[in-house]
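Note that the numbering runs from 1 along the sequence shown for the chain. What's counted below: heavy atoms across the whole structure, side chains too, no hydrogens, waters or symmetry copies.
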Amino acid sequence: MVKSGIRKITMAVVAPALALGATVGLASAPASAAVWNSCDQWAGTSLDGYKLYNNVWGAGAGAQCIWANSGTGWGVWADHPDTGGIKSYANSTKTINRTIDSLSWLTGNYDVSVPSSGAYNTSYDIWDNAHQYEIMLWVNHTGAVGPIGSWQANVTLGGHNWNVYKGTNGSNQVFSFLRTSNSTSGTVDVKPILDWIAYTKGWMPGNEVIGDVQFGYEITSSSGGLNFNTNNSTVSGG
């Protein structure tokens, strides 16, 4: 579960750490000058129809800086301590605003370069407009991280095989799909996943409006400073 700009939790410990890490983080960006970068906790911008958000929200977070060459090519440098609990979910967001039953298709394409150490997941985070339901699609994960709730099923949907978990964070229902093998590039056909949740399982209504489709890195630890690079990520639907 992530705080994806819905509830900002301001913590005094974060700001000094981000300030200390600013120079290091920006130096970790690609050699070609990024068109936008920031080490601010809640830094955000809009590029090419996507919203980019640094989104450092967890307790005990360290430094994190975000950069972008475009709305679909961006990355994060993060130095979060080896402690439990999610520290951040840097992401790009595409707004869909269509009901499940009116969508003919919804597709995500991703190509990332991620570290072999640390604790994190690379995931889509899909929200309905009322923020009652959250659907997470983990395409890879490393280290001591796990989903909310209990295991429900193993399914092959949208071109991938997933272990499915269902639970609540106290504010909304969370449906987590964890890819059974890690992947750093591919395509996810999201529409069949939404249909399975709504029509096969009945966990949410078919007329629920899908609002934001986010893609990013939910980081628990990245001690010493690690780079998470989105070489390309697009979301489209109709």
Side-chain angles (χ1 to χ4, degrees), residues 1-9 44 50-53 55 57-58 85-86 88-110 120-141 145-180 187-220 233-238:
M1 163 60 190
V2 298
K3 300 290 189 300
S4 305
I6 295 168
R7 296 186 303 278
K8 295 183 178 180
I9 301 180
Y50 293 83
K51 298 174 185 175
L52 299 170
Y53 189 28
N55 196 22
W57 62 268
I86 300 162
S88 66
Y89 180 61
N91 67 82
S92 63
T93 298
K94 185 77 168 182
T95 300
I96 301 298
N97 283 340
R98 294 279 298 274
T99 61
I100 295 171
D101 55 17
S102 72
L103 275 169
S104 297
W105 55 280
L106 180 60
T107 302
N109 292 284
Y110 62 95
Y120 64 89
N121 67 68
T122 303
S123 57
Y124 291 91
D125 200 13
I126 302 167
W127 294 89
D128 71 301
N129 268 356
H131 305 300
Q132 294 177 306
Y133 304 100
E134 179 183 13
I135 302 154
M136 296 201 74
L137 312 178
W138 294 23
V139 296
N140 64 59
H141 64 280
V145 293
I148 284 176
S150 58
W151 183 88
Q152 301 292 313
N154 175 267
V155 295
T156 297
L157 292 167
H160 303 264
N161 185 253
W162 315 90
N163 282 316
V164 183
Y165 296 79
K166 178 177 179 287
T168 179
N169 58 25
S171 300
N172 53 265
Q173 294 291 314
V174 184
F175 313 128
S176 299
F177 291 69
L178 276 62
R179 199 177 189 275
T180 52
T187 299
V188 180
D189 187 358
V190 180
K191 170 64 170 170
I193 296 172
L194 299 177
D195 287 347
W196 185 83
I197 293 170
Y199 301 118
T200 301
K201 303 303 290 184
W203 291 343
M204 62 190 293
N207 63 355
E208 197 71 37
V209 176
I210 299 301
D212 290 339
V213 178
Q214 302 173 323
F215 179 81
Y217 310 98
E218 192 176 55
I219 306 172
T220 292
S233 173
T234 61
V235 173
S236 55

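For T200, there are no side-chain hydrogen bond (donor to acceptor under 3.5 Å, both in side chains) partners, not counting sequence neighbours. In this structure Y120 satisfies the ring-ring contact (aromatic ring centres under 6.0 Å, His included) test together with F228, sequence neighbours excluded. Partners of T168 by side chain to side chain contact (heavy atoms under 4.5 Å, CB included), not counting sequence neighbours, listed by chain and number: Q173. By the salt bridge (Lys or Arg N to Asp or Glu O under 4.0 Å) test, D128 pairs with no residue at all, sequence neighbours left out. For K191, the salt bridge (Lys or Arg N to Asp or Glu O under 4.0 Å) partners two or more places apart in sequence, or in a different chain, are D195. Taking the side-chain hydrogen bond (donor to acceptor under 3.5 Å, both in side chains) definition, one finds that Q152 meets it with S150, sequence neighbours left out. Residues meeting the side-chain hydrogen bond (donor to acceptor under 3.5 Å, both in side chains) test with N154, sequence neighbours left out: N161, N163. Listed by chain and number, the residues in a side-chain hydrogen bond (donor to acceptor under 3.5 Å, both in side chains) with Y217 are T230 (sequence neighbours excluded). The ring-ring contact (aromatic ring centres under 6.0 Å, His included) search around Y124 returns F215, not counting sequence neighbours.
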Next item on the list: Show your working on side chain to side chain donor-acceptor pair (under 3.5 Å) between N109 and T107 and close with a plain yes or no.
Entry: CA-CA 7 Å; N109 292 284; T107 302; over 6 Å; no
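Note: W162 and H160 have tilted aromatic rings, judged against thresholds of 30 and 60 degrees for the angle between ring planes.
Between atom CD of residue E218 and atom CG of residue N55 there is a gap of 9.5 Å, rounded to the nearest 0.5 Å. Once rounded to the nearest 0.5 Å, the distance linking CG of N172 with CH2 of W127 reads 4.5 Å.
With N169 contributing its side chain and S171 its backbone, the two residues share a donor-acceptor pair below 3.5 Å.
Screening residues 88-104 for salt bridge (charged side-chain N to carboxylate O under 4.0 Å, His left out) gives no qualifying pairs among residues at least two apart or on separate chains.
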Let me check something: any side-chain donor-acceptor pairs from residues 201-211 under 3.5 Å, sequence neighbours excluded? List them with distances.
none

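Taking the side chain as every heavy atom from C-beta outward, N91 and D125 never approach each other to under 4.5 Å.
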